[in-house]
Number of protein chains: 2
Amino acid sequence: MASQQKTSRKAAGTQAAIRRPQARAANSRSQRGDAGDDIGLDALVGHAGYAVRRFQLWIFQDFIKTLATVDIRPTQYSVMTVIGANPGLSQMAVAKRLGIERARLVHLLDSLEERDFVSRIASATDRRSHALHLTARGRTALAQFKRLAAEHERHVAEKIGKENRERLLQILACFT
Amino acid sequence: MASQQKTSRKAAGTQAAIRRPQARAANSRSQRGDAGDDIGLDALVGHAGYAVRRFQLWIFQDFIKTLATVDIRPTQYSVMTVIGANPGLSQMAVAKRLGIERARLVHLLDSLEERDFVSRIASATDRRSHALHLTARGRTALAQFKRLAAEHERHVAEKIGKENRERLLQILACFT
DNA sequence: TATTGTTATACTCTATAACTATA
DNA sequence: TATAGTTATAGAGTATAACAATA
């Protein structure tokens with residue numbers, strides 16, 4: 001069945017395909033070569049998820065660009081920030097708090113430890129777990145990251161408006 | 001250098017590691033076994049990107065769950081919606097409009113075509129491109145998807161409040 | 001038995017580059 | 001030469017399962 005479809009697709013790509021007159025629907029502009037600028041999205045307007053997805057893409061791209069000089073990505077920043085504010089946390093605790101898989105946190109911490117920003121110290125009370133701390137270098141670096149992150153937040157404010165940014169933070173406060 | 005770090009990590013995992021008294025910082029609770037419920041996030045509050053990321057995770061999970069019976073994911077929904085509202089679009093036009101890679105759209109359309117929701121029809125004017133249309137079955141299915149998506153939007157309204165949802169859509173209108 | 005950190009696997013998504021057939 | 005669709009590959013990100021050490 002999959003091969004059937006493949007065949008029909010290939011056929012459409014290379015040679016004549018069934019051109020059905022049936023397809024003349026509501027919004028009908030039958031053949032358009034436009035580049036996507038004037039395409040009606042009516043049906044997606046009013047969908048919160050779509051707007052939020054597009055916004056998230058923009059905001060992460062700006063964050064990554066703004067912190068490109070220090071090569072820190074949003075998740076790395078959030079990990080260092082939480083450890084900095086709560087030294088001694090276990091990996092499980094950090095993973096749960098940030099909603100990331102503990103398996104993934106292992107690799108994130110590997111890279112942060114290689115760069116000497118974070119250290120895993122044997123827990124005094126539970127020999128299974130590590131107490132996470134920023135190194136001296138990590139604390140200095142985080143201070144710089146925070147200055148760049150603040151610059152990124154200013155970009156957000158410029159993009160959607162200062163008041164709108166604050167309204168947004170209020171509305172979404174229940175998700176932090 | 002990487003191997004050095006690996007070694008130190010392994011050592012920390014199995015045996016005694018350097019426990020530095022240095023690490024006693026501002027917020028200091030040195031050893032905590034808690035499960036992540038009462039961890040201060042102070043430093044992440046006020047970061048739009050973090051709030052938006054958490055919200056996006058929630059909203060996509062709810063969308064996927066609400067449309068699980070019809071096995072349609074957010075991106076598939078957006079593709080069918082745009083094609084339904086603009087029949088005859090090329091793949092490039094759809095990709096550009098939705099901000100997805102044209103290479104990825106190929107596979108998305110493959111699966112939608114296999115399920116007989118969408119058809120690629122040879123363009124009358126440009127033999128390189130395909131005109132995209134919903135099939136009859138696709139139009140019927142999309143109507144049902146839209147009913148389920150509306151249910152999902154009600155979940156969003158319940159979660160953050162009806163007025164807040166509308167404020168959010170206004171604020172993010174520039175990203176659609 | 002259950003949990004912590006770890007490794008491994010698979011699947012989605014994103015980002016590229018290259019190939020073909022057309023323009 | 002450039003563009004549309006396709007294929008392939010590599011990197012993040014997510015979701016699991018399993019394992020050793022420890023509780």
Side-chain angles (χ1 to χ4, degrees), chain A residues 5-17 31-36 53 56-58 60-61 64 71-76 78-79 89-96 98-111 113 118 120-132, chain B residues 6 8-17 31-36 53-54 56-58 60-61 64 71 73-76 78-79 89-96 98-111 113 118 120-132:
Chain A
Q5 292 298 135
K6 283 280 178 194
T7 306
S8 84
R9 180 156 58 78
K10 294 276 184 188
T14 55
Q15 249 318 310
Q31 214 60 241
R32 319 198 302 179
D34 53 16
R53 170 180 166 258
Q56 219 240 272
L57 289 179
W58 184 91
F60 265 51
Q61 276 166 11
I64 293 168
D71 190 27
I72 285 289
R73 296 172 63 83
T75 312
Q76 296 175 307
S78 69
V79 168
L89 283 184
S90 71
Q91 295 185 196
M92 271 305 289
V94 171
K96 276 191 182 166
L98 291 177
I100 57 189
E101 286 298 317
R102 72 188 202 273
R104 208 189 141 222
L105 185 59
V106 171
H107 302 296
L108 284 167
L109 288 174
D110 284 353
S111 77
E113 210 175 26
V118 167
R120 294 185 244 223
I121 299 179
S123 164
T125 55
D126 184 339
R127 291 173 58 202
R128 291 173 304 181
S129 79
H130 300 157
L132 300 174
Chain B
K6 282 280 178 195
S8 85
R9 179 157 60 77
K10 294 278 184 185
T14 52
Q15 250 318 310
Q31 212 61 242
R32 320 198 301 182
D34 53 15
R53 170 178 166 258
R54 298 299 296 241
Q56 219 239 276
L57 289 178
W58 183 90
F60 266 49
Q61 277 165 10
I64 293 169
D71 190 25
R73 297 171 63 82
T75 311
Q76 296 175 308
S78 69
V79 168
L89 283 185
S90 70
Q91 296 184 194
M92 271 304 289
V94 171
K96 274 191 183 167
L98 292 176
I100 57 190
E101 286 298 317
R102 73 189 202 270
R104 205 187 145 225
L105 185 59
V106 171
H107 301 296
L108 284 167
L109 288 174
D110 284 352
S111 77
E113 209 174 28
V118 167
R120 293 186 244 223
I121 300 180
S123 164
T125 55
D126 186 339
R127 291 173 58 204
R128 291 172 304 181
S129 79
H130 300 157
L132 300 173

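Just so we're on the same page: letters track the sequence lines, and every chain starts at 1.
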With L105(B), which of L98(B), I100(B), D110(B) fulfils side-chain contact (heavy atoms from CB on, under 4.5 Å)? I100(B)

Whole angstroms only, please: what is the [atom1]-[atom2] distance between [X] and [N]?
{"X": "I64(B)", "N": "dC11(C)", "atom1": "CD1", "atom2": "C1'", "answer": "13 Å"}
{"X": "H107(B)", "N": "dT14(C)", "atom1": "NE2", "atom2": "P", "answer": "13 Å"}
{"X": "L109(B)", "N": "dG5(D)", "atom1": "CG", "atom2": "C1'", "answer": "10 Å"}
{"X": "M92(B)", "N": "dT22(C)", "atom1": "CE", "atom2": "P", "answer": "18 Å"}
{"X": "L89(B)", "N": "dA4(D)", "atom1": "CG", "atom2": "P", "answer": "13 Å"}

Please state whether the phosphate of [N], meaning OP1 or OP2, lies under 4.0 angstrom from any side-chain nitrogen or oxygen of [X].
{"X": "R127(B)", "N": "dT20(C)", "answer": "no"}
{"X": "R102(B)", "N": "dT16(C)", "answer": "no"}
{"X": "Q91(A)", "N": "dT3(C)", "answer": "no"}

Once rounded to the nearest 0.5 Å, what's the spacing between atom CD of Q56(A) and atom CG of L57(B)? 7.0 Å

Approximate separation, where rounding is to 0.5 Å, of S78(A) OG and I72(A) CD1: 10.5 Å

Just compare dT7(C), dG5(D), dA23(C) and give me whichever is closest to any side-chain atom of S129(B). dG5(D)

R128(A) side chain: which of dG5(D), dA21(D), dT6(C) is closest? dA21(D)

Taking side-chain contact (heavy atoms from CB on, under 4.5 Å) as the test, write out the residues that go with R54(B), two or more places apart. F175(A), Y50(B)

Pair R73(B), F60(B) - check side-chain contact (heavy atoms from CB on, under 4.5 Å), show working. CA-CA 9 Å; R73(B) 297 171 63 82; F60(B) 266 49; over 6 Å; no

Set of side chain to side chain donor-acceptor pair (under 3.5 Å) partners for Q76(A), sequence neighbours left out: none

Between the protein and nucleotides 12-16 of chain D, list the N/O to N/O atom pairs that are separated by less than 3.5 angstrom.
{"residue": "dG13(D)", "atom": "OP2", "partner": "R104(A)", "partner atom": "NH2", "Å": "2.5"}
{"residue": "dG13(D)", "atom": "O5'", "partner": "R104(A)", "partner atom": "NH2", "Å": "3.3"}
{"residue": "dT14(D)", "atom": "OP2", "partner": "R104(A)", "partner atom": "NH1", "Å": "3.0"}

Is the closest side-chain heavy-atom distance between R120(A) and Q91(A) below 4.5 Å? yes

Both L105(B) and D126(A) contact DNA chain D. Which one's nearest nucleotide lies toward the 5' end? L105(B)

